[in-house]
Amino acid sequence: MDTIKVEKKWQDFWDKDKTFEVKNTGVNPYYILVEFPYPSGSGLHVGHVRSYTAQDAIARMKRMQGYNVLFPMGWDAFGAPAERYAIRNHIHPKEAVKENVKTFKGQMKKLGFSFDWSREFSTTDPEYYKWTQWQFLQFYKNGMAYKDTIPVNWCPQCKSVLSNEDAAGGVCEQCGSQVVQKEKSQWMLRMSDYAEDLLTGLDDTNFAEKVKLGQINWIGKSKGAHVNFKIDGYDKEFTVFTTRCDTLYGATYCVLAPEHEYVDEITTEEHKAEVAAYKAECALKNDMERTELNKDKTGVFTGAYAINPVNGEKIPIYISDYVLASYGTGAIMAVPAHDERDYEFAKKFNIPIRQVIAKNIVGTGDNAIKEGKKMTERQVVNVIIKHPTEDKYLLVNNKKFNWFTFVMGGIEGDETATEAGIREVIEETGYTDITIEKEMEFIYYDNFYAAHKDVNRHITCHTIVGHLNSLDSTERSEEEKDIADVLWVDKDKLMSTLTTEAHRYDAERMLNGEGAYVDDGIHVNSNDLDGLNKQESIDKMINWLHEHKCGEAKVNYKMRDWIFSRQRFWGEPIPMINCPKCGWVPMDEADLPLLLPDVAEYEPTDDGESPLAKITDWVNCKCPKCGGDARRETDTMPNWAGSSWYFLRFMDAHNSDSFAGMDAMKYWGKVNWYNGGMEHTARHLLYARFWVQMLYNFGLVPNKEMIDIRVSHGMILGSNGEKMSKSRGNVINPDDIVSEFGADTLRVYEMFIGDYQQDASWSTDSLRGCKRFLDRIERIGEKLNDKKGYTDEVLAHKTIKKVSNDLVTLKYNTAVSALMIMLNEYEKFEDGISRDDYRLILTLLNPMAPHITEELNEMYNLGEVLCKSKWPEYDDSKIVLDSITLGVQVNGKLRGTVTVSPEASEDEIKTQAFEDENVKRHTEGKEIVKVIVIKGKIVNIVVK
RNA sequence: GCAGGUAUGGCGGAAUUGGCAGACGCGCUAGACUUAGGAUCUAGUGGAGUGAUCCGUGCAGGUUCAAGUCCUGUUACCUGCACCA
């Protein structure tokens, strides 16, 4: 078959027939959406083909099933690449976009996607961005847009503001020079106001779980408290955000972000120079550098002290860039004992570390508390002693209970842990030449049954670490010798030798180094909180803070307001006017769209303003309020703006009175099924949902969430398993594949390539396999017979069911495989296949290979064109087989099979199973313990 | 570091959700038809063994009559986020 000719023929037919154009009327509306592409200069990618084909297949099937399917396509054409291209080639970006759109559209048509082209638009069309601007004005008028001064990435060489992506690694992507931070006034949208709504709104969607998770992580909700700290010697206080106000008694210093507003004021005279230097150093670093230098904490002391509200203690105030000005309040209380970052900082600056939580180990198993035994309180010391010359540790082995532990014992009277520890080592092991190095944080060993004393215990367990200077020793008492042996154990055998959890925990802390203890436990050194766990303490502390007016419960979100300005030419102009008298004034809505002017130069200005700033005719205007001279905003909107509502426009693409009519939006309801790349699931989806929620709150859209199902496809990688890129030389151009193998082959192959949501590597060999499959589909047409109906009813209905279900559960690969199996079966039919057989396989294959199936359907005169035919329905009762084969296992190993009718009783199946020769061999002479029959699945005979 | 994902023949991947592991495709082997084969058709194809059989789903345990699937621990790779208090 001449695929080029045939495919063209059907594409022309669909065009002329307007087969896929839909009206906003009729029953069963169904809206299928794929992310519209950025029409780049390099043309369509095989990755696009994957997701477009998948959605196209669903669209085609749904139409045949009687749905009114909206499957639109358009262009997300604003953005930096088009602008860069324009700068280089001195042509207007809209010309470049026109060219690229032509290429993309041509490629899409050649692939036979069933888009409704009557609704096509580009975000760069004035008729479209008019409404993007109009919506911005609604945001502004409702107080959701404001101006603020924030730092941006600035390339001094290109004299241009860079996005975080373009400034990756602190280096300008274009020229390679060092990026610096520069303060700029920017339009912002109050997205953080919607954090909670964006979180709860997820419940009204059917996004894939991992997509939801991406949204949740991005929003980054955390519950905690604000705590106010007075500054010693000032009538001033600052507020910190903490999720762990329960550890307030362990706060031994505070840290302000270097940008914190109080820093200059509270810094004492002798620290001024140091603080100023540190601040200057931080200002030079951008976010990337700050995080890169994370390995080592830096900071300086301000000389000032804060007062801890719970105990009145004076604690030093430091500044450090590990505290971010942009999160929380830009200030923290530091609890080194129970926060890893604080711990690291405290170690480096020699700040006290105060334990306020003790790990609590509860006895389990043999150590679990025993009913009716006395509960006793004990202070215990565990002693970790290192060998004087070898890398070994001193253990004792209690013979009666076969316990392996460090030396341990009770602390008597007013002994310190160290004194008790030394005493116990001498008593239990005889070694006398002991040096104790340190005491670790203590732990509780709660509700634990001590078998050797036959009592229940609540132990406070102090752990000290030391070494022997020599093996000098005294004779142990006979009593001690009876109780326990002394042994030295290698470092790496330690963990597996120790028999109690408390000792293993000690060993781990000692070997891996101590750090902050961040888990739950029992509070200590915390007055009223002592004895409480984490949650209890948090609740109690929040009450206390509230009562004493020095803090309150507080929820914080990672998500910040949306920076909505770009200093770029190729974006939607922001329709705002700056009047010297009236300030910022929105443009009159009747004057929209505010068109992008035609200019000759697209380079940004020297001070980083958008190129629009240079066009004085355009910039200078009259204030809509007072009529005086005023200037337009020269910043443009970000690329994300146009794509935040395009799916609404598709519902009513030609509406000139509004961005989309309420009736049209109500008719289509939500986007039923939205597909896009994993890389967009976090940001694009969040922006779009935020945008829609605002519109909803202004009464402009019918639903708070406008997208129901969201799925993401995996990437198509090069044949070497790496991402396709020109530099790697592994790019596959879909055009080449279409002209050599045909669009249908490419479509079927990309559906068959593997799990849709997983990445997959390109394989031209595998592609050939799909070509062979389609060739065989064509060839079997020569074996048509005159019989009526399906030759194999079971096969027919089974396959209808499989394909119908697989297409809507993203299992395209097994749908194709089911059709391959069907064809394999057809080829085995001795008298050829019936016309109904052929029509069936062509229909089922049509969503994936629409051209060849239409052609064969027409060639053999099998019926109406497939795209207007009805999708076949399956009948479960026809899938029932006359007989089924069950595996027979003996002790879980397959030994034979039985073939029985589906209605066979358990006894019949059992009887037959035992008749199998091989089963007999494995069961003869053995005791039958149990026979398990799972109807329709398996028989398992358990023998001894 | 945190979060998520993945791991099954020579390769891409199936497995009705705990029930005959390796469907389907590629590749490979042998044969047929051919002047020819990167066409087509037939047979075979996880490993070891002549065989009965044994071993096999990253690794180590566990639960179960039965584990790729469930539980505990662990390793490697991929993708996000990254000092989020």
Side-chain angles (χ1 to χ4, degrees), chain A residues 209-211 213-214 216-218 220-222 224-225 240-245 247 255 257 287-288 290-295 297 320-324 326-335 339-342 344-345 556-560 678-679 681-683 714-715 717 719 721 723 748-749 752-755 757-770 772-773 775-776 779 802 805 811 813-824 827 885-897 918 921-922 929-943:
Chain A
E209 233 14 75
K210 66 174 173 183
V211 175
L213 215 68
I216 291 167
N217 287 342
W218 195 275
K221 178 177 185 172
S222 72
V240 305
F241 174 71
T242 176
T243 53
R244 293 299 303 274
C245 63
T247 60
V255 187
D287 284 355
M288 295 306 288
R290 277 199 186 187
T291 49
E292 260 175 285
L293 294 172
N294 264 341
K295 305 280 179 282
K297 294 272 178 293
S320 170
D321 64 2
Y322 87 90
V323 173
L324 306 175
S326 52
Y327 182 78
T329 59
I332 62 157
M333 66 176 207
V335 184
D339 181 279
E340 273 161 33
R341 293 151 300 178
D342 299 345
E344 209 183 306
F345 191 88
N556 226 320
Y557 301 92
K558 253 197 305 199
M559 193 177 70
R560 306 175 208 163
M678 202 54 212
E679 67 277 16
T681 52
R683 298 186 71 183
M715 270 189 296
L717 306 171
S719 52
K723 208 170 162 168
V748 169
Y749 169 62
F752 187 61
I753 195 167
D755 186 321
Q757 302 192 66
Q758 218 65 44
D759 291 352
S761 306
W762 182 267
S763 156
T764 303
D765 277 338
S766 248
L767 176 87
R768 287 204 181 89
C770 293
R772 272 206 281 268
F773 167 62
D775 288 347
R776 282 163 57 207
R779 232 176 292 132
K802 178 89 181 139
N805 292 339
K811 292 160 101 175
N813 52 341
T814 48
V816 175
S817 134
L819 291 167
M820 288 174 168
I821 293 169
M822 184 178 234
L823 177 63
N824 288 346
E827 286 174 344
T885 304
L886 301 181
V888 181
Q889 298 179 330
V890 179
N891 284 350
K893 288 203 158 75
L894 186 72
R895 296 302 179 191
T897 55
N918 208 24
R921 268 226 330 278
H922 285 89
V929 180
K930 209 196 288 187
V931 181
I932 294 148
V933 179
I934 309 292
K935 277 204 178 170
K937 298 208 165 156
I938 207 158
V939 181
N940 192 7
I941 302 164
V942 186
V943 298

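Values below: every heavy atom of this structure, side chains too, minus hydrogens, waters and symmetry copies.
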Quickly work out the [X] [atom1] to [N] [atom2] distance and round it to whole Å.
X	N	atom1	atom2	answer
A:D755	B:rU17	CG	P	18 Å
A:N805	B:rA14	CG	P	17 Å
A:W762	B:rG12	CH2	P	16 Å
A:R895	B:rA66	CZ	P	14 Å
A:N813	B:rA15	CG	P	7 Å
A:L894	B:rG18	CG	P	21 Å
A:Y322	B:rA82	OH	C1'	17 Å
A:R772	B:rA39	CZ	C1'	10 Å

Taking the [atom1] atom of each, how far is [N] from [M], in whole Å?
N	M	atom1	answer
B:rA14	B:rA21	C1'	10 Å
B:rC11	B:rG46	P	14 Å
B:rC59	B:rA67	P	16 Å
B:rG68	B:rA7	P	14 Å
B:rG19	B:rC70	P	11 Å
B:rG27	B:rU35	P	25 Å
B:rG62	B:rU8	P	24 Å
B:rG47	B:rG9	C1'	9 Å

Please determine, for the side chain of [X], which listed nucleotide ([options]) has the closest atom?
X	options	value
A:S817	B:rC24, B:rG27, B:rA85	B:rC24
A:N824	B:rG27, B:rA15, B:rC24	B:rC24
A:K937	B:rC41, B:rG19, B:rC55	B:rG19
A:F752	B:rC41, B:rA14, B:rC24	B:rC24
A:M820	B:rC24, B:rA3, B:rC65	B:rC24
A:R921	B:rU53, B:rG25, B:rA66	B:rU53
A:Q758	B:rU17, B:rC55, B:rG5	B:rG5
A:T885	B:rC20, B:rA85, B:rC81	B:rC20
A:T897	B:rC20, B:rA14, B:rC41	B:rC20
A:S222	B:rA85, B:rU40, B:rA15	B:rA85

### Query
Hey, which of these two, A:N217 or A:A331, hits RNA chain B nearer its 5' end, going by closest nucleotide?
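The answer here is A:N217.
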
#### Entry: 5′-ward residue of the pair A:D342/A:M715 relative to RNA chain B
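Looking at RNA chain B, the more 5' nearest nucleotide goes with A:M715.
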
### Query
Is the NZ or CZ atom of A:K297 positioned over A:F345's six-membered ring, under 6.0 angstrom from the centre and within 45° of the axis?
no

### Query
Which value, rounded to the nearest 0.5 Å, describes the distance between A:R776 atom CZ and A:M820 atom CE?
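The CZ atom of A:R776 sits 8.0 Å away from the CE atom of A:M820.
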
Counter-base of [N], judged by Watson-Crick or G-U geometry with both distances under 3.5 Å:
N	answer
B:rG68	none
B:rG44	B:rC28
B:rU74	B:rG58
B:rG37	none
B:rG80	B:rC2

Under 4.0 angstrom, heavy atoms only, what part of the nucleic acid is [X] near: base, sugar-phosphate, or nothing?
X	result
A:G328	nothing
A:T243	sugar-phosphate
A:I932	base
A:K221	nothing
A:I934	base

### Query
Is there a side chain to side chain contact (heavy atoms under 4.5 Å, CB included) between A:K558 and A:W218 once you walk through the steps?
CA-CA 7 Å; A:K558 253 197 305 199; A:W218 195 275; over 6 Å; no

When you check the phosphate oxygens OP1 and OP2 of [N], does a side-chain N or O of [X] lie under 4.0 Å from one of them?
X	N	value
A:K893	B:rA52	no
A:N940	B:rC20	no
A:R779	B:rC41	yes

### Task
Dump the intermediate steps for side chain to side chain contact (heavy atoms under 4.5 Å, CB included) on A:V890 and A:V943, then the final yes or no.
CA-CA 7 Å; A:V890 179; A:V943 298; 3.9 Å; yes

### Message
Could you check whether any side-chain heavy atom of A:F241 comes within less than 4.5 Å of a side-chain heavy atom of A:Y327, counting everything from C-beta outward?
### Response
yes

#### Entry: Heavy-atom side-chain proximity of A:L886 to A:T897 below 4.5 angstrom
no

### Task
Specify whether A:Y749 and A:W762 have parallel, tilted or perpendicular ring planes, treating 30° as the upper limit for parallel and 60° as the lower limit for perpendicular.
perpendicular

### Task
Check for a donor-acceptor pair, side chain of A:S763 on one end and backbone N or O of A:S766 on the other, with a separation under 3.5 Å.
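Checking the backbone N and O of A:S766 against the side chain of A:S763, a donor-acceptor pair under 3.5 Å is found.
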
### Query
For B:rU17, is chi within 90° of 0 (syn) or not (anti)?
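B:rU17: syn glycosidic orientation.
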
### Query
When syn is taken as a glycosidic angle within 90 degrees of 0, is B:rG9 syn or anti?
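The base of B:rG9 is oriented syn (glycosidic angle within 90° of 0).
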
### Query
So, are A:D775 and A:R772 salt-bridged, with charged N and O less than 4.0 Å apart?
no

